[in-house]
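Below is one structure, written out as structure tokens, with a few remarks after it.
Note that the numbering runs from 1 along the sequence shown for the chain. Treat the numbers as computed from the prediction; the structure is a model and nothing was measured.
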Amino acid sequence: MLKATLRSFLAHKGRLVLSALAVVLSVAFVAGSLIFSDTVNRTFDRLFASTSADVTVAPEEDLDEAVPSGQTPTVPASLRDRVATVDGVADAHLDVSVDNAVVVDSDNKSVGPTTGAPTVATNWYLTDRSPVKLTSGHAPRRAGQAVLDADTADKKNVEIGDTLTIQARPGSFEVRVVGIATFTTTNPGAALVYLDTRAAQRGLLGSTKEATSISVTAADGVSDTALKHRIAASLGSGYKLETAGEQAKSAAEQFGSFLDVIKYVMLGFAGIAVLVGIFLIVNTFSMLIAQRTRELGLLRALGADRKQVRRSVLTEALLLGLVGSTLGLALGIGLALGLIALMGVFGMNLKSTEMVIGWVTPVASYVVGVGVTFVAAYLPARRAAQVSPMAALADAEVAGVGKPLTVRAVVGSVVAVAGAAALVGCALADTTSSAASFLGLGVVLTLVATVVAGPLLVRPVIRVLGGAFPAVFGSVGRMSQRNALRNPRRTGATAAALMVGLALVGGLSVASASMTKSFDRQIDKTLGADFVVQNSNFMPFSPEVTKKVEDTEGAGLVVRQRFTPIELTLPDGRNVKSTAAGYDRQLDDVANLTYAQGSSRAALAPGHIGMDKDFATKHKVRAGDTLPATFPGGRTAKLTVGALTDQDSPEGFGVEGGLFLGFRTIEKYVPGGQDSALYVNAASGTDADTLRANLEKTLDPYPQVQVRDQADYKELVRQQIAVMLYLVYALLGLAIVIAVLGVVNTLALSVVERTREIGLLRAIGLGRRQLRRMIRLESVVIAVFGAVLGLALGLIWGVAVQRVLALQGMKELAFPWTTIVAVVIGSVLVGLAAALLPALRASRMNVLAAIAHE
């Protein structure tokens with residue numbers, strides 16, 4: 001049996017290669033994501049460990065910022081002298097560093113990265129743990145001098161002697177580049193500008209009495225942990241102390257969130273490849289077994305029992321899984337190398353020589369590859385074992401053996417009802433968490449139901465989709481339609497591969513269209529200002545920008561927006577940490593707010609706060625209540641609830657409560673913040689176009705700051721939502737590639753299965769062109785069938801997703817009809833492309849050899 005199995009595997013290796021591609025792709029994405037993440041983790045663990053000070057003294061962290069406030073927490077510079085006197089301290093120096101600085105050249109072009117990485121302005125203090133070394137010029141020795149990292153200098157064509165402008169919270173100041181520093185470790189993609197320490201204090205913090213942290217070097221024989229305890233005992237509370245190991249771990253955790261995005265995206269691709277590959281492998285083995293009916297029957301007649309036949313088929317699957325896993329692992333290594341090179345394009349210079357391939361990677365690769373193939377081949381193997389010797393010798397088709405479609409109908413109906421009930425529960429849920437849980441369950445169950453019941457839908461749907469074929473294409477069209485109807489299980493499994501991808505794109509396209517429409521409606525409803533001035537990355541900007549905008553010719557009312565973290569103690573006993581926005585008292589002149597109780601004037605009064613009515617109801621807050629509040633730095637206040645809004649607006653940034661304060665209140669308790677947006681109305685006698693031109697001229701030295709009107713805001717939202725769709729379309733592309741392989745595989749094996757039939761058709765006058773057209777039409781109708789099922793399922797999912805979004809304030813439902821039409825047209829093209837090779841092969845068959853084929 002083993003010899004027979006091996007010979008059968010080698011005899012059909014050409015037919016199995018397309019199925020192996022699905023295994024190879026799924027394994028490649030799993031292996032590539034694991035290798036890449038392990039490599040990046042180890043690289044940055046080394047970076048953080050090698051550059052962290054023995055002990056770092058930093059301001060105590062109290063409230064996390066969900067939305068940047070522009071504040072820079074500091075410690076007194078005099079603290080360095082106290083730390084230096086602690087027993088066991090060999091050295092202590094001031095750190096002055098901000099990661100929200102903006103650097104521009106003499107042409108007012110940004111010198112910072114364009115990939116989202118920060119521009120870090122810091123003081124120059126070279127130690128054996130510094131991430132850079134000076135490679136040309138000299139260190140900054142006084143105010144007005146700076147050192148730039150070599151990678152940024154190369155990309156932005158900056159040379160020694162060039163003048164740069166640094167924009168920070170205290171204001172803008174010019175520096176001349178006097179040196180270039182080269183990274184001695186991995187470049188994380190940031191731009192680094194080094195200044196003299198006192199110049200950095202004045203320019204970045206506004207005072208030589210402040211620093212952002214203090215780095216401490218331990219004396220010989222003193223451990224980091226022991227030194228940390230000694231410094232803590234000397235300084236008391238109010239400071240955050242971390243050893244080198246703790247700081248490295250903290251930095252790695254922060255960086256890990258970025259890395260997880262890449263890792264999960266890669267695993268998402270792997271999941272799609274695995275899911276679609278299962279359909280392909282099931283179909284391939286089912287057809288191979290159907291074609292080997294006589295061979296299997298002879299084995300049974302010669303004494304092979306059912307277990308041996310089943311074991312033979314599963315052994316072939318095991319061999320296919322091993323080969324696919326091995327090739328997938330090799331491709332995964334190549335994929336990881338490609339990702340490492342891609343990170344270099346984005347400024348993160350990783351070394352391919354330091355690639356990490358841990359034991360988990362090959363184990364996971366073979367578990368996925370072999371496991372998927374083995375599971376997918378199990379049902380066809382069971383069908384093969386159920387064939388009696390006499391039935392097989394009589395050429396009974398194995399594909400017809402097994403559970404009847406009535407069983408599929410019952411199982412599919414039960415699962416579909418359960419899935420529909422879950423989606424209804426999603427629509428009726430009143431909390432986001434429960435709605436999301438029902439949605440996930442409903443998506444899984446309805447997908448399973450559609451796959452199980454798919455063959456039942458083949459005959460009614462394809463009769464409609466191919467109904468015009470006989471009239472348009474004559475007997476060729478009629479045969480193509482009947483070929484697609486011949487084996488509903490096979491057609492359903494082939495179409496299911498395409499259905500999965502199109503269901504995904506359909507559902508998320510509805511969700512994105514609904515989000516876009518909801519945000520458009522909210523912008524139209526709420527934004528009343530002529531223009532909004534904001535940073536392109538939504539980071540706060542210097543007060544200098546605010547002053548420039550206020551002084552712009554034609555600018556009338558300017559309302560500032562500023563954010564701050566806040567913690568409220570609520571009547572229901574909960575402490576809620578969120579973010580509050582601060583506004584000038586003329587808010588009503590630039591925004592259209594709807595109130596359930598109170599007014600903007602009451603909410604923005606000193607010592608008052610406004611919030612969303614649903615948040616207030618949830619926590620038993622009423623207008624007029626006084627709530628204890630805590631701001632950054634431990635500052636506390638008693639805030640009176642002045643108003644409750646009824647905006648019905650989308651929530652964003654993970655911010656809870658719709659909290660907002662008056663500018664006088666936010667400046668009292670959170671001094672030193674920076675504005676995040678300016679709402680600007682034109683002065684009397686100035687039209688909007690003139691004001692926009694004036695604002696853009698004013699902001700020319702600030703390339704990061706943009707002027708937007710309502711239309712610009714809508715386009716910005718569309719672009720952000722489009723980023724999500726790009727991932728969906730990439731997943732769809734992968735699913736389509738594998739689905740095309742599935743259709744090609746099915747048609748190719750179908751051509752082999754129908755060799756004698758094709759020979760007879762050719763003998764009675766069917767031309768080669770007609771034969772190719774018949775196979776193309778069969779392919780198109782199968783692809784369109786998959787598209788119809790996928791889009792129908794996707795639209796249902798999209799409506800359910802919109803119900804979840806509605807709980808976040810996005811209540812508009814929209815259908816992307818253009819996308820839907822494009823998908824249907826695309827499925828026709830997919831069917832045509834998939835049929836090219838099988839149709840060509842069929843048309844080149846020798847007629848007499850085909851007729852004699854058994």
Fill in: Donor-acceptor under 3.5 Å (Ser33 side chain, Val30 main chain)
yes
Worksheet, complete the sentence: One should read off an interatomic distance between Asn535 CG and Gln704 CD, to the nearest 0.5 angstrom, of 5.0 Å
Worksheet entry | Interatomic distance, Arg803 atom CZ to Thr432 atom OG1 [nearest 0.5 angstrom] | 11.5 Å
Fill in: Stepwise side-chain contact (heavy atoms from CB on, under 4.5 Å) test for Phe785 and Leu457
CA-CA 9 Å; Phe785 172 68; Leu457 302 173; 4.3 Å; yes
Discussion item. Under the criterion side-chain contact (heavy atoms from CB on, under 4.5 Å), I'd like the reasoning laid out for Val461 against Leu465: C-alpha separation, chi angles, the key distance, then a yes or no.
Written reply: CA-CA 6 Å; Val461 175; Leu465 295 177; 3.7 Å; yes
Worksheet item: What pair of heavy atoms forms the shortest contact from Val458 to Pro488, and how long is it?
Response: CG2-O, 3.6 Å
Discussion item. Measuring from atom CG of Leu441 to atom SG of Cys426, what distance do you get when rounded to the nearest 0.5 angstrom?
Written reply: 10.5 Å
Worksheet item: Does the ring of Phe663 carry Arg560 above it, NZ/CZ under 6.0 angstrom from centre and within 45° of its axis?
Response: yes
Discussion item. Has Ser827 got a side-chain atom pairing as donor or acceptor with Val824's backbone, closer than 3.5 angstrom?
Written reply: yes
Response to the item:
From the list Asp675, Asp584, Thr546, side-chain contact (heavy atoms from CB on, under 4.5 Å) with Arg562 holds only for Asp675
Fill in: Pair Leu813-Val510, side-chain contact (heavy atoms from CB on, under 4.5 Å): steps then yes or no
CA-CA 8 Å; Leu813 176 63; Val510 171; 4.1 Å; yes
Practice prompt. Give the minimum heavy-atom separation between Val801 and Ala511, together with the two atoms involved.
Written response: CG1-CB, 3.5 Å
Practice prompt. Give a yes or no on whether the backbone of Phe531 and the side-chain of Asp709 come within a donor-acceptor separation of less than 3.5 Å.
Written response: no
Worksheet item: Within a strict 4.5 Å, meaning less than it, do heavy atoms of the Asp712 and Arg692 side chains meet?
Response: yes
Worksheet entry | Phe615 side chain reached by Leu659 side chain, heavy atoms, under 4.5 Å | yes
Practice prompt. Would you check if the side chain of Ser434 reaches a backbone N or O of Thr431 as a donor-acceptor pair within less than 3.5 Å?
Written response: yes
Worksheet item: Between Lys620 and Asp625, what is the shortest heavy-atom contact and its length?
Response: O-OD2, 4.1 Å
Discussion item. Donor-acceptor pair, distance only, cut-off 3.5 Å: does the side chain of Ser514 make one with the backbone of Ala814?
Written reply: yes
Practice prompt. Report, as yes or no, whether the 6.0 Å neighbourhood of atom CZ on Arg574 holds more than 12 heavy atoms from other residues, nucleotides or ligands.
Written response: yes
Discussion item. Nearest 0.5 angstrom please: Leu527 CG to Arg708 CZ, how far?
Written reply: 11.5 Å
Discussion item. If you define the side chain from C-beta out and look only at heavy atoms, does anything of Val451 sit under 4.5 Å from Met499?
Written reply: yes
Discussion item. Do Ser600 and Tyr583 pair up side chain to side chain, a donor and an acceptor below 3.5 Å, judged on atom types alone?
Written reply: no
Item to complete: Return the minimal non-hydrogen interatomic distance between Leu568 and Ala629, and the atom names on each side.
Response: CD2-CB, 3.6 Å
Worksheet item: Are Val576 and Lys618 close enough that some pair of their side-chain heavy atoms sits under 4.5 Å apart?
Response: no
Discussion item. Quick check: do Val641 and His608 have side-chain heavy atoms less than 4.5 Å from each other?
Written reply: no
Worksheet item: When rounded to the nearest 0.5 angstrom, what distance separates CZ in Phe660 from CD1 in Ile609?
Response: 8.5 Å
Fill in: Expected output: side-chain Gln534 to main-chain Gln706 donor-acceptor under 3.5 Å
no
Item to complete: Find the distance between CE (Met515) and CG (Asp520) and round it off to the nearest 0.5 Å.
Response: 11.5 Å
Discussion item. Quick check: do Val821 and Ile825 have side-chain heavy atoms less than 4.5 Å from each other?
Written reply: yes
Practice prompt. Determine whether Asn575 and Leu570 make a side-chain contact, defined as any pair of heavy atoms from C-beta on separated by less than 4.5 Å.
Written response: no
Discussion item. Please determine whether side-chain contact (heavy atoms from CB on, under 4.5 Å) holds for the pair Leu661 and Leu639, giving the CA-CA distance in whole Å, both sets of side-chain angles, and the decisive distance to 0.1 Å.
Written reply: CA-CA 9 Å; Leu661 310 158; Leu639 300 179; 3.9 Å; yes
Worksheet item: Do Tyr679 and Asp589 touch side chain to side chain, with heavy atoms closer than 4.5 Å?
Response: no
Item to complete: State which residue, out of Leu644, Asp646, Thr617, Thr645, fulfils the side-chain contact (heavy atoms from CB on, under 4.5 Å) condition with Asp612.
Response: Thr645
Item to complete: Over all heavy atoms of both residues, which pair between Val680 and Val533 is shortest? Give the atoms and the distance, please.
Response: CG2-CG2, 4.1 Å
Worksheet item: Would you say Asn592's side chain and Lys525's backbone share a donor-acceptor pair under 3.5 angstrom?
Response: yes
Discussion item. Please find the pair of heavy atoms, one from Ser518 and one from Glu812, that lie closest to each other, and give the distance.
Written reply: OG-N, 3.0 Å
Worksheet item: Salt bridge check: are Asp524 and Lys714 linked by an N-O gap of less than 4.0 Å?
Response: yes
